[in-house]
Amino acid sequence: MRVNEKYSTLPAEDRSVHIINICAIEDIGYLPSEGTLLNSLSVDPDAECKYGLYFRDGRRKVDYILVYHHKRGSGSRTLARRVQHGDGGPAARGGRQDQPLPGKAGPVGAAEPEPPLDYHEDDKRFRREEYEGNLVEAGLELERDEDTKIHGVGFVKIHAPWNVLCREAEFLKLKMPTKKLYHINETRGLLKKINSVLQKITDPIQPRVAEHRPQTTKRLSYPFSREKQHLFDLSDKDSFFDSKTRSTIVYEILKRTTCTKAKYSMGQGEGRKKDSALLNKRRKCGKYGITSLLANGVYSAAYPLHDGDYDGDSVEFNDRRLLYEEWASYGVFYKYQPIDLVRKYFGEKIGLYFAWLGVYTQMLIPASVVGIIVFLYGWATVDENIPSMEMCDQRHNITMCPLCDKTCSYWKMSSACATARASHLFDNPATVFFSVFMALWAATFMEHWKRKQMRLNYRWDLTGFEEEEEAVKDHPRAEYEARVLEKSLKKESKNKEKRRHVPEEPTNKWRQRVKTAMAGVKLTDKVKLTWRDRFPAYFTNLVSIIFMIAVTFAIVLGVIIYRISTAAALAMNSSPSVRSNIRVTVTATAVIINLVVIILLDEVYGCIARWLTKIEVPKTEKSFEERLIFKAFLLKFVNSYTPIFYVAFFKGRFIGRPGDYVYIFRSFRMEECAPGGCLMELCIQLSIIMLGKQLIQNNLFEIGIPKMKKFIRYLRLKHQSPSDRDECMKRKQRYEVDYTLEPFAGLTPEYMEMIIQFGFVTLFVASFPLAPLFALLNNIIEIRLDAKKFVTELRRPVAVRAKDIGIWYNILRGVGKLAVIINAFVISFTSDFIPRLVYLYMYSENGTMHGFVNHTLSSFNVSDFQNGTAPSDPLDLGYEVQICRYKDYREPPWSEHKYDISKDFWAVLAARLAFVIVFQNLVMFMSDFVDWVIPDIPKDISQQIHKEKVLMVELFMREEQGKRQLLDTWMDTSRTPAGPCGNHSPPARPDGPDGPGGTP
């Protein structure tokens, strides 16, 4: 398998012209470097192969790249090993030693001592050679290149010829367009006029991409079959399978090709004698080769190539450059996305993500408009709000009880005027309407996406994809195969131990040898991982997740203690301005601390979720992805929303009362809400965390980290020696440039940040109506940022077929349902909406809100303070206080049951619970009604799918009739008399002189 023959980069016709000169140079023992030879012939090989996009013959396109690390001598650069497989005969597999370099007396490496033997590197090399040989046997064509500008890195270029593409496309049941064209049903009448007007209006914001133009005709698609090639348009075989499809086909071959027969080629040594079972295990590549080879470091990377450069004046126009200009540029932020071109270049799975993100962003526009209207309504009516006017009226002279023990003094309610007025911006009757609207918006969004998804499935020929998807699910992961192999080896060793003590019959020895030889190959097909094998991993998962959630709660508790202690410390400040802004200062600093902790823990929890999923050893990639998503979402959900849940539902609920407060660790008194309620603080908390996460985590990190890496690479290049710098500045091959890009890490981080944002938009929207607006502004940038990252900064991912967004849809539905419940509780318990209604209809004397503030405040006699808790400066307001007020529904001190819960509290609580029940059931019913009214499949798409089926049946019936006519014609021809020997019946007698009726 090992090939050492050096191939010239020139085509055969150019090599034959100078063959005498080359042989003469070889005869004197000096083989010039490849660059020198090519320069002497005045031909640029890189231009012939389009800088790595094609093989060195300039004709065969590179469909996939395998990258590996190899060791080369540091004293001098070794000769290039550029080897081709797949188009050479047996002679090409013969080897010859490389010629010595100038000034050397012997072969390469003879002048310096041979490096020490590395069994692991040797094993990797032989596994690569065997694996590449198996790829050649599978029909692929390979070309190796170790003479690269990246030191110690070799590349294997893979090309799939036409017969392999056809074979694999048939295996994978890839739907390909046929010659049959049919017209798409167009709307008629009024709808047609409306569509034409909309197309003219939206024409300036449409991308200038051919795939995005409205299509009136469509080609009938059918799973590719070599027997029915006449159905497909094969006039241009080079473009029939696009680059995305070719790389997908090659990747499928890479996954199923194995290398289980590789063995050490070195002599006997200690390393080989010890633990042969372990070496055997390490040599196995598993059932599907490339994943195991990448996991074991045999290859360092595997990826398809980008179509070319995306920027520059002399760059050929390609899909990548078109995407960069019409999609991945911030200057086209106002345009629609060219989703069809994204799917053509990156595959259906990534295309569906950007389509979903586009639909979500479009749906945020009406939500943002309504949120702005609600906010402006609160702004316009703030001067008419009677409760806030009463709080700001200094004539009421309401004296409030201290906010903390000893250090805090009495304070005037009018000092909280600004907070009360600001609370009305978000706590007004329009908030309830907006909560109902957002619940219906979430249901409409989900239905709209399902319909959009069906349209994309029809356009992308993904209807009837379930069977193929089930086949993909059965591909085991490399880690699973390794674990199964380890289990099988352990079982085999246990069986050997048992057989040592039990005499074995001679007739069974041969059978046992066969079983031993097949250990790790066939045995792994029968052995599976059971729940007992995974029980330690499941237990570790459970304990770790509970511990991580406990850590989040502990951090929130620490921030609470910080707020309490900071408020007490600021209350001792002599500056009146500092003491008047204690709430704002404490709230803002605490939220910033929460934001920093959330961002840090998000990264930590992401790594922990991946580690926990790995130790579970899921069988398939789909199972691995779903388990990872569940764990990461659970941890990040708790991490992001726990501080918000505390402010919304727990702060100020369990504080006790003056004279009998609740303490944490017997030292820290629980926090109270402001007189206007906790809704304003919830708004501050939500807005800072949401905007901070979007600005820092989603945008700054995604922009700043790649820029920083690029700057570090520039500094390294600047500090290199001049010769190395000149070499690096030369134009690299396409596969070398793509190798320096970041590997694609999946769509989970992209979906996760959008799902968390969707939670901010829906879960607590009652407290922050401007959340959809900020989400919309973020997503406009996020789409172009992600697009630029995929086009310019990431290696091209392998195209994956998918017909939906998977588990993310279920998470979205769950968040939407949870949002209804949470908003019901926010309106009912966090805001003052229900207490105002109860007061207005039960206690108001004149049917207005006058007296509402006084109704919500209870009285406390300062003589009832516990020892050591009274203010140290009772005359801070300039007069002696005997009665102070606090927000609660309790009996006054002059009552018979002083400080007990009053009946007003129970009336308000009953109204709150009733509102939660009514609101939740009403909104749930309305959401389900929207779900029922809007069909999942658009009517026109359903008709088009039915039409395709009818046309396909007609096509095959016509083909069958043609075959039958041809068969009948052939049968008639065979029955025609061809002479005396051509008919089994006696020949007809010729007419005699007597005529036909004459007698013999």
Side-chain angles (χ1 to χ4, degrees), residues 62-71 118 120-136 138 140 142 144-146 148 150 152-158 160 247-262 281-306 347 349 472 474-486 520 524 607 610-611 613-615 617-625 628 735-736 738-748 794-800:
V62 177
D63 298 320
Y64 218 87
I65 290 291
L66 300 179
V67 187
Y68 60 91
H69 290 277
H70 62 90
K71 294 185 177 180
D118 190 338
H120 294 289
E121 290 297 324
D122 181 69
D123 186 44
K124 289 180 181 179
R125 178 168 57 84
F126 273 86
R127 289 166 76 178
R128 282 196 298 268
E129 291 180 352
E130 183 202 346
Y131 183 69
E132 291 165 15
N134 293 340
L135 292 179
V136 173
L140 299 178
L142 312 181
R144 185 183 293 119
D145 184 6
E146 291 184 357
T148 64
I150 305 175
V153 176
F155 297 88
V156 177
K157 295 174 279 186
I158 303 177
S247 62
T248 303
I249 288 174
V250 173
Y251 183 65
E252 289 296 325
I253 298 175
L254 293 176
K255 281 199 299 185
R256 70 166 183 259
T257 304
T258 59
C259 60
T260 55
K261 299 178 182 179
K281 174 189 159 187
R282 287 180 178 176
R283 282 197 294 268
K284 309 293 182 188
C285 295
K287 191 174 181 181
Y288 296 95
I290 190 60
T291 52
S292 295
L293 293 172
L294 289 171
N296 296 332
V298 178
Y299 291 102
S300 58
Y303 52 89
L305 291 180
H306 280 292
K349 191 171 186 178
V472 174
D474 294 335
H475 286 216
R477 296 173 60 248
E479 293 80 0
Y480 179 85
E481 288 294 322
R483 184 74 177 273
V484 168
L485 182 59
E486 181 181 357
T524 56
C607 298
R610 181 168 291 275
W611 175 74
T613 309
K614 282 183 178 179
I615 64 175
V617 198
K619 182 176 181 180
T620 62
E621 287 293 340
K622 186 175 180 64
S623 175
F624 178 87
E625 185 180 12
L628 173 62
Y735 44 86
E736 293 176 312
D738 287 3
Y739 179 67
T740 59
L741 299 177
E742 292 292 317
F744 175 63
L747 290 171
T748 299
L794 294 179
R795 295 175 191 161
R796 188 174 183 177
V798 180
V800 177

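Quick caveat, the model's predicted, so the values are computed rather than measured.
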Point to revise | Electrostatic pair E621-K349, nearest N-O below 4.0 angstrom | key: no
Review point. Would E625 and K622 pass as an ion pair if we require N to O under 4.0 Å?
Key: no
Check your understanding: How many angstroms lie between NZ in K124 and OH in Y299, if you round to the nearest 0.5 Å?
Key -> 12.5 Å
Review point. Looking at R128 and V298, what are the two nearest heavy atoms and their distance?
Key: NH1-O, 3.1 Å
Review point. Any idea which heavy atoms bring S623 and P618 closest together, and the distance?
Key: OG-CB, 3.6 Å
Practice item. Could you walk me through whether L142 and K157 pass the side-chain contact (heavy atoms from CB on, under 4.5 Å) test, one step at a time? Key: CA-CA 5 Å; L142 312 181; K157 295 174 279 186; over 6 Å; no
**Study point:** CA sep, side-chain torsions, deciding dist, call: Y303, R796, side-chain contact (heavy atoms from CB on, under 4.5 Å)
**Key:** CA-CA 7 Å; Y303 52 89; R796 188 174 183 177; over 6 Å; no
Revision key, fill the gap. The ring-ring contact (aromatic ring centres under 6.0 Å, His included) partners of Y251 (sequence neighbours excluded) come to none
Study note, to complete from the structure: Value for CG (L794) from CD (E742), rounded to nearest 0.5 Å, stands at 7.5 Å
Practice item. Measure up the F155 and Y739 rings against each other and bin them: parallel (under 30°), tilted (30 to 60°), perpendicular (over 60°). Key: perpendicular
Point to revise | Side-chain (Y131) to main-chain (L254) donor-acceptor, under 3.5 angstrom | key: yes
Practice item. Indicate the atoms forming the closest heavy-atom contact of D738 with R795, along with that distance. Key: O-CG, 3.1 Å
**Study point:** Side-chain (S247) to main-chain (V798) donor-acceptor, under 3.5 angstrom
**Key:** no
Check your understanding: Can you check side-chain contact (heavy atoms from CB on, under 4.5 Å) on L140 and I253, steps first, answer last?
Key -> CA-CA 9 Å; L140 299 178; I253 298 175; 3.8 Å; yes
**Study point:** Minimum-distance pair of heavy atoms, taken over all atoms of A160 and D63
**Key:** N-OD2, 2.8 Å
Study note, to complete from the structure: Value for CD1 (I65) from CD (E736), rounded to nearest 0.5 Å, stands at 10.0 Å
Point to revise | side-chain contact (heavy atoms from CB on, under 4.5 Å) assessment of R127 paired with N296 | key: CA-CA 11 Å; R127 289 166 76 178; N296 296 332; 3.3 Å; yes
Check your understanding: Distance from E130 atom CD to T257 atom OG1, nearest 0.5 Å?
Key -> 11.0 Å
Check your understanding: Which atom names give the shortest non-hydrogen contact between L628 and T613, and what distance separates them?
Key -> CA-OG1, 3.5 Å
